[in-house]
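Notes follow the structure.
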2 protein chains.
Amino acid sequence: MSPSHIHVPHHCRTVTEILSRVGDKWSVQVVVQLGNGPKRFNELRRIVEGISQRMLTLTLRGLERDGLVTRTVYPTIPPRVDYALTGLGCSLLKTVRELGVWAIENRDEILEARRRFDGANLPEIGQDERRSDAA
Amino acid sequence: MSPSHIHVPHHCRTVTEILSRVGDKWSVQVVVQLGNGPKRFNELRRIVEGISQRMLTLTLRGLERDGLVTRTVYPTIPPRVDYALTGLGCSLLKTVRELGVWAIENRDEILEARRRFDGANLPEIGQDERRSDAA
DNA sequence: CGGCATCCGACCTGATACTG
DNA sequence: CAGTATCAGGTCGGATGCCG
């Protein structure tokens, strides 16, 4: 097996593709929640809260498509649909958590770097150009 | 440090924010390339190739802002600017590589899941509204 | 309750042209 | 070489309304 430090263009696309899913605004949050056990649609909607019905649907579809999540329909009335992580989803969750730990551990350093950068580069611009800052 | 399996809303935002950067189409690729050593602007442009000049600029700015990359200007003629990973950038690279490994290892499973899903859900598209929508 | 379709605005991106 | 400014197009995401 090839070591991870050599650059393989073929793999590059694969990785980028997966990273897109991970970087997706909601996918990871949903996966994390499902890590605590299966959830129903509106249950997820409440927990993630901030996600719209549309986005939750699309996100779940995407995750299901990639084999990360299973969708179980109970043809009752009212209908009930459970979503749960697959083995693949679980393994992704584990890996992503590493990244989460990294993020939390380095949060302060990043925030400080940001403050420093903003202060040094745009000290006299009244307009706010921040894109990724949470309000 | 709190275990990663308890959900802390505060951390949630932090993680999401970082994940956005990681999921960013170019950030990771640039970081990976810089992992092989400092690079000049157009050097990066050539290696990543596919990235536009604008996006490379924006990506590098973002990475610099987050303290992941350093930018060194040599006031020569013609100008020369080197970009390099910081310690923070290196540690991120290490963590992201884990994800890369995961992606490569599970690529086949994901692709197959996708094929299965697509085959099961959209077996007969294409004959819908063939009204030559060449707007 | 769970889900899809539509509309529509905000944002992201790439191409182009210009500067130091 | 490195970078900024501008503009047009595409995508993303939310709000709304309807269906099973």
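Within every chain, numbering begins at 1; the chains are lettered A, B, ... in the order of the sequence lines, protein sequences first and strands thereafter. No experiment lies behind these values; they were computed from the predicted model shown.
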For nucleotides 5-13 of chain D, tabulate all protein N/O to nucleotide N/O atom pairs closer than 3.5 Å, reporting atom names and distance.
unit_1: dT6(D); atom_1: O4; unit_2: Arg54(B); atom_2: NH1; d: 3.2

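Proximity note for Val81(B) (side chain, C-beta onward) versus dA2(D), dC1(C), dG3(C): the nearest is dA2(D).
Between Asn42(B) atom CG and dC1(D) atom C1' there is a gap of 6 Å when expressed in whole angstrom units. Counting to the nearest Å, the P atom of dG2(C) and the CD atom of Glu43(A) are 9 Å from each other. Put simply, CG on Asp82(B) is 14 Å from P on dC1(D), counting in whole angstrom units. As a whole-Å value, the separation of Leu44(A) CG from dC1(C) C1' is 14 Å. Atom P of nucleotide dT13(C) and atom CD of Gln29(B) are separated by 12 Å, given to the nearest angstrom. Between the C1' atom of dG3(C) and the CD atom of Glu64(A) lies a distance of 13 Å, rounded to the nearest Å. Atom C1' of nucleotide dG14(C) and atom CZ of Arg45(B) are separated by 11 Å, given to the nearest angstrom. In this structure, Leu58(A) atom CG and dA5(C) atom P are separated by 10 Å, rounded to whole Å.
Here Arg71(B) lies in heavy-atom contact (under 4.0 Å) with sugar-phosphate atoms only. Residue contacts for Tyr83(A): at a heavy-atom cut-off of 4.0 Å it reaches the sugar-phosphate backbone alone, with no base atom in range.
Contact check for Val48(B) versus Gln33(B): side-chain heavy atoms found under the 4.5 Å cut-off. Residues Thr16(B) and Val28(A) have side chains not in contact (no heavy-atom distance under 4.5 Å, counting atoms from C-beta outward). Using a 4.5 Å heavy-atom cutoff, the side chains of Asn36(B) and Lys39(B) are in contact. Using a 4.5 Å heavy-atom threshold, the side chains of Val101(B) and Thr95(A) count as separate.
A side chain to side chain contact (heavy atoms under 4.5 Å, CB included) with Val69(B) is found for one member of Leu34(B), Val30(B), Leu88(B) and no other, namely Leu34(B).
Listed for the Glu49(B) side chain is no donor-acceptor partner under 3.5 Å among the backbone atoms of Arg45(B).
In terms of phosphate contacts, Arg40(B) brings a side-chain nitrogen or oxygen within less than 4.0 Å of OP1 or OP2 of dA2(D).
Using a 4.5 Å cut-off between side-chain heavy atoms of Ile, Leu, Val, Met, Phe, Trp and Tyr, with links allowed through other members, Ile77(B) and Tyr74(B) fall into different hydrophobic clusters.
DNA chain D is contacted by both Leu60(B) and Pro79(A); Leu60(B) maps to the nucleotide lying nearer its 5′ end (nearest heavy atom per residue).
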